[in-house]
Amino acid sequence: MSTAPADAGPDDIHDLDDLHTRVLDWYADHARDLPWRAADRTPWGVLVSEVMLQQTPVARVLPQWLAWMERWPTPSDLADAAPGDAVRAWDRLGYPRRALRRHAAAGAVRAEHGGEVPEDHARLLALPGVGTYTAAAVASFAFGQRHAVVDTNVRRVHARAVTGAAEPAAALTAAEQRLAVALLPEDAPTAARWAVAVMELGALVCTARSPRCDDCPLLDRCAWVLAGRPAHDGPARRGQAWAGTDRQVRGKLLSVLRGSADPVTADELAACWADDRQRARCLDGLVADGLVEPLPDGRFSLPRT
DNA sequence: GACACGTGGTA
DNA sequence: TTACCAAGTGT
């Protein structure tokens with residue numbers, strides 16, 4: 001069990017089978033009934049869910065995903081909309097650049113892939129807003145391929161159950177990636193189920209704050225538990241500053257834009273933040289990011305093209 | 001590799 | 001209440 005799976009011998013293969021069986025059985029009994037996992041889901045729906053879920057809790061994504069899928073059921077439907085419509089519909093999910101990239105990705109899917117979400121990992125990766133994780137997740141969840149899907153939940157489960165650490169490193173390491181690959185079941189359908197199952201275990205049981213070890217199928221073989229649940233020894237995570245930051249100002253500016261059907265004046269924007277210098281800098285940043293469009297008459301709107 | 005990037009729920 | 005945390009990506 002302490003042997004690295006990369007050095008797998010006969011005993012470790014049995015060990016790996018045991019790991020797979022426990023997690024897959026647990027998932028069969030405890031998986032949440034999420035709409036992007038439903039039998040009638042589309043690859044587009046999976047892609048939309050993955051982007052929405054980036055750094056954003058499931059509970060907040062759920063209603064937004066349903067609304068988006070009803071409004072823009074295919075990539076081409078979204079590509080036909082103005083980017084500003086996507087930003088407005090993104091509402092308060094946070095990180096609105098994701099909405100812009102989602103819209104750009106819809107255009108790329110139509111222009112380069114005949115309107116169908118590509119199955120190939122490299123082509124997925126080339127879409128705006130799709131990084132290593134999301135490309136692997138879509139290839140695995142939507143198309144049943146065999147990929148190491150490594151998100152924060154998976155990293156935490158691996159760190160505890162296999163490596164014996166309370167928390168994974170600050171950033172994804174090559175060793176973690178290799179471990180994730182080494183743990184993958186051989187056949188694609190099982191690997192795809194494994195990927196979503198480990199993630200679900202991390203989301204529901206092996207949580208960051210207060211893990212529910214009593215409910216964990218791996219309790220009696222968890223390396224971290226067996227080691228006496230040692231505390232995290234690495235550096236504490238840096239909290240994200242918020243009050244007074246550009247991020248907060250950007251959020252306020254965009255909130256004004258989202259809330260208005262018509263373009264807004266500079267005065268209306270000024271009302272949301274007193275510091276002229278900072279407000280101007282943030283507005284420039286939003287324009288540079290393509291989230292805000294300055295109009296010839298001096299007003300501002302969400303991007304129209 | 002570090003940093004910027006939104007928002008709101010929870011302990 | 002303050003701080004942490006949530007299915008990351010792009011620069």
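Protein chains get the first letters and strands the later ones, always in sequence-line order, with residue 1 at the start of each. Values below: all heavy atoms of this structure, side chains included; hydrogens, waters and symmetry mates excluded.
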For [X], report the nucleic acid contact type (base, sugar-phosphate, nothing); a contact means any heavy atom under 4.0 Å.
{"X": "A:Arg37", "value": "base"}
{"X": "A:Leu34", "value": "base"}
{"X": "A:Ala208", "value": "sugar-phosphate"}
{"X": "A:Thr134", "value": "sugar-phosphate"}
{"X": "A:Trp36", "value": "base"}
{"X": "A:Val154", "value": "nothing"}

Do other residues, nucleotides or ligands put more than 12 heavy atoms under 6.0 Å from the [atom1] atom of [X]?
{"X": "A:Arg32", "atom1": "CZ", "result": "yes"}
{"X": "A:Arg123", "atom1": "CZ", "result": "no"}
{"X": "A:Arg92", "atom1": "CZ", "result": "no"}

### Query
Taking side chain as C-beta onward, heavy atoms only, is A:Trp90 less than 4.5 Å from A:Asp85?
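Side chain of A:Trp90 against side chain of A:Asp85, heavy atoms only: no contact under 4.5 Å found.
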### Query
Got A:Asp284 and A:Arg281 here, is their nearest side-chain heavy-atom distance under 4.5 Å?
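No, too far: nothing below the 4.5 Å cut-off.
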Distance-only check: which donor-acceptor pairs under 3.5 Å involve side-chain atoms of residues 202-218 of chain A, not counting sequence neighbours?
from: A:Thr207; atom 1: OG1; to: A:Ser210; atom 2: O; distance (Å): 3.2
from: A:Arg212; atom 1: NE; to: A:Leu204; atom 2: O; distance (Å): 3.0
from: A:Arg212; atom 1: NH2; to: A:Leu204; atom 2: O; distance (Å): 3.0

### Task
Determine, step by step, whether A:Glu268 and A:Thr265 satisfy the side-chain hydrogen bond (donor to acceptor under 3.5 Å, both in side chains) criterion, reporting the C-alpha distance in whole Å, the side-chain angles of both residues, the deciding distance to 0.1 Å, and the verdict.
CA-CA 5 Å; A:Glu268 289 175 88; A:Thr265 64; 3.2 Å; yes
### Message
salt bridge (charged side-chain N to carboxylate O under 4.0 Å, His left out) for A:Asp297 and A:Arg299? Distances and angles first, verdict last.
### Response
CA-CA 6 Å; A:Asp297 65 5; A:Arg299 293 185 299 168; 2.8 Å; yes
Does [X] reach the main-chain N or O of [Y] with its side chain, forming a donor-acceptor pair under 3.5 Å?
{"X": "A:Arg155", "Y": "A:Pro168", "answer": "no"}
{"X": "A:Arg88", "Y": "A:Arg258", "answer": "yes"}
{"X": "A:Arg102", "Y": "A:Val48", "answer": "no"}

### Residues within residues 266-281 of chain A bordering DNA chain C, heavy-atom distance below 4.0 Å
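Nothing qualifies; none.
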### Query
Residues from residues 141-152 of chain A sitting under 4.0 Å of DNA chain C, heavy atoms only?
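DNA chain C contact set from residues 141-152 of chain A: A:Asp151, A:Thr152.
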### Message
Walk along nucleotides 1-11 of chain B from 5' to 3' and tag each nucleotide B, S or - by protein heavy-atom contact under 4.0 Å, base first, then sugar-phosphate.
### Response
--S-BBBBB--
How far does the [atom1] atom of [N] sit from the matching atom of [M], given to the nearest Å?
{"N": "C:dT1", "M": "B:dG8", "atom1": "C1'", "answer": "15 Å"}
{"N": "B:dG1", "M": "C:dG10", "atom1": "C1'", "answer": "13 Å"}
{"N": "B:dG6", "M": "C:dA6", "atom1": "C1'", "answer": "12 Å"}
{"N": "C:dA7", "M": "B:dA11", "atom1": "C1'", "answer": "22 Å"}

### Query
Start at the 5' end of DNA chain C and walk down; is the nucleotide closest to A:Ser49 or to A:Pro128 reached first?
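With A:Ser49 and A:Pro128 compared, the 5'-side residue is A:Ser49.
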### Message
Need to verify one output field. Residue with the more 5' nearest nucleotide on DNA chain C, A:Gly202 or A:Leu127?
### Response
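Comparing both residues, the 5'-ward one is A:Gly202.
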#### Entry: Under 3.5 Å side-chain donor-acceptor pair for A:Thr190 and A:Asp187
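The answer is yes; a qualifying pair exists.
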### Query
Just the endpoints, please: which first and last nucleotides of DNA chain C, 5' to 3', lie under 4.0 Å from a heavy atom of chain A?
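Extent of the interface on DNA chain C: C:dC4 to C:dG10.
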### Task
Starting from A:Leu286, walk the hydrophobic network (Ile, Leu, Val, Met, Phe, Trp, Tyr; side-chain heavy atoms closer than 4.5 Å) and list everyone else you reach, by chain and number.
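Joined to A:Leu286, directly or through intermediates: A:Val87, A:Leu100, A:Val249, A:Leu253, A:Leu254, A:Val256, A:Leu257, A:Val264, A:Leu269, A:Trp273, A:Leu283, A:Val287, A:Leu291, A:Val292, A:Phe300, A:Leu302.
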### Message
Please say yes or no: joined through hydrophobic side-chain contacts below 4.5 Å, possibly via intermediate residues, are A:Tyr95 and A:Trp68 part of one cluster?
### Response
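No, separate clusters.
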